[in-house]
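By convention here, the first residue in the shown sequence is residue 1. Please read these numbers as outputs of a predicted model, since none were measured by experiment.
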Amino acid sequence: MSRPMVRAAMVALTLISSAGAAQAQTQYQQAISANPFGLLLEFFNGEYERVVTESSTAGFGGSFYSPDEEEYLNADLFFRYYPQGRPLDGWAFGAKAGVTKVEDYGTYFGFGFDVNHSWLLGSNENFYVGIGLGLKRLVGVDEGDDLIDYVPTIRLVNVGFAF
């Protein structure tokens, strides 16, 4: 067999095997979720996540927390990498950027990283459950403020649906 034929056969085999791998992945391309327990704790967290490659997702999320007359509001865009190649299902490592508003201190741009785990459950594997934690650095915080430069980001338990 000539070298060009071997290369063509290798390319064809690669395309066929990658098409089969793509079909074996979940048919769901997006998920929407929120933290139902947060309603009891005066904390709200919600997210929308969409598959962008066969091993990654992008999305946006927000949270609101109001303890003792002080408000915390957060909105982020994020990117998550699923090393096992099953977006929306399994371990994910992510990067995020967005704005955080803390009452009496101001609004700050921030960026950070997080680690998450999600499951697709149920007979149709479309009931979404996700947990995670991370850290976000706030840019421009004055040293004189009592506000810290870093804020934890926590997904206690988000539940929702993949579709």
With a 4.5 Å heavy-atom cut-off, do [X] and [Y] have their side chains touching?
X	Y	value
V159	P36	yes
R80	E49	yes
L121	V129	yes
L138	V151	yes
N45	F43	yes
Y65	V102	no

Step by step, work out the side-chain contact (heavy atoms from CB on, under 4.5 Å) result for F79 and T57. CA-CA 6 Å; F79 175 84; T57 62; over 6 Å; no
Please report the interatomic distance [atom1]([X]) to [atom2]([Y]), rounded to the nearest 0.5 Å.
X	Y	atom1	atom2	result
F64	L73	CZ	CG	7.0 Å
R86	L120	CZ	CG	9.5 Å
E71	E103	CD	CD	5.0 Å

Would you indicate whether F163, at its atom CZ, is surrounded by more than 12 heavy atoms from other residues, nucleotides or ligands within a distance under 6.0 Å?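 Atom CZ in F163 is packed in, count exceeds 12.
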Tell me if the OH atom of Y48 is crowded by more than 12 foreign heavy atoms within 6.0 Å.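 For Y48, atom OH is crowded (more than 12 foreign heavy atoms under 6.0 Å).
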With sequence neighbours left out, what residues match [X] under ring-ring contact (aromatic ring centres under 6.0 Å, His included)?
X	result
F44	none
F111	none
F109	none

Spell out, yes or no, whether [X] and [Y] are grouped together once hydrophobic residues are joined by side-chain heavy atoms under 4.5 Å, including indirect joins.
X	Y	answer
V115	Y128	no
V51	F78	no
V157	L133	no

Heavy-atom closest contact (S55 atom, G85 atom, distance):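 Answer, listing the atom of S55 first, then G85: CB-CA, 4.0 Å.
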Y28 versus N124, closest heavy-atom pair with distance: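 The pair with the smallest heavy-atom distance is OH-O, 2.7 Å.
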Any pair counted as ring pair (Phe, Tyr, Trp, His ring centres under 6.0 Å), so long as it reaches residues 81-102, sequence neighbours left out: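 Sorted pair list: W91-H117.
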Test item: [X] side-chain N/O and [Y] main-chain N/O as donor-acceptor pair under 3.5 Å:
X	Y	result
S118	L88	yes
Y108	Y105	yes
N35	F37	yes

Considering the options D114, T153, D149, N74, which one meets the side chain to side chain donor-acceptor pair (under 3.5 Å) requirement together with K136?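 The option that passes is N74.
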Centroid-centroid distance, F161 to F127, less than 6.0 Å: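 Centroid distance F161-F127: below 6.0 Å, so yes.
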Return each pair, listed once, that meets salt bridge (charged side-chain N to carboxylate O under 4.0 Å, His left out) where at least one residue sits in residues 153-163; pairs must be two or more places apart or across chains.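 Residue pairs passing salt bridge (charged side-chain N to carboxylate O under 4.0 Å, His left out), neighbours aside: E47-R155.
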For S33, which residues count as a side-chain hydrogen bond (donor to acceptor under 3.5 Å, both in side chains) partner, sequence neighbours excluded?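 Testing S33 for side-chain hydrogen bond (donor to acceptor under 3.5 Å, both in side chains), a comparison that skips the adjacent residues, returns N158.
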Go through it in stages, so that I can follow the logic: the residues are Y72 and T100, the test is side-chain contact (heavy atoms from CB on, under 4.5 Å), and I'd like the CA-CA distance, side-chain angles, deciding distance and then a yes or no. CA-CA 7 Å; Y72 166 86; T100 299; 3.4 Å; yes
Establish, from distance only, whether the side-chain atoms of E42 and S66 form a donor-acceptor pair under 3.5 Å.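 Absent: no donor and acceptor within the cut-off.
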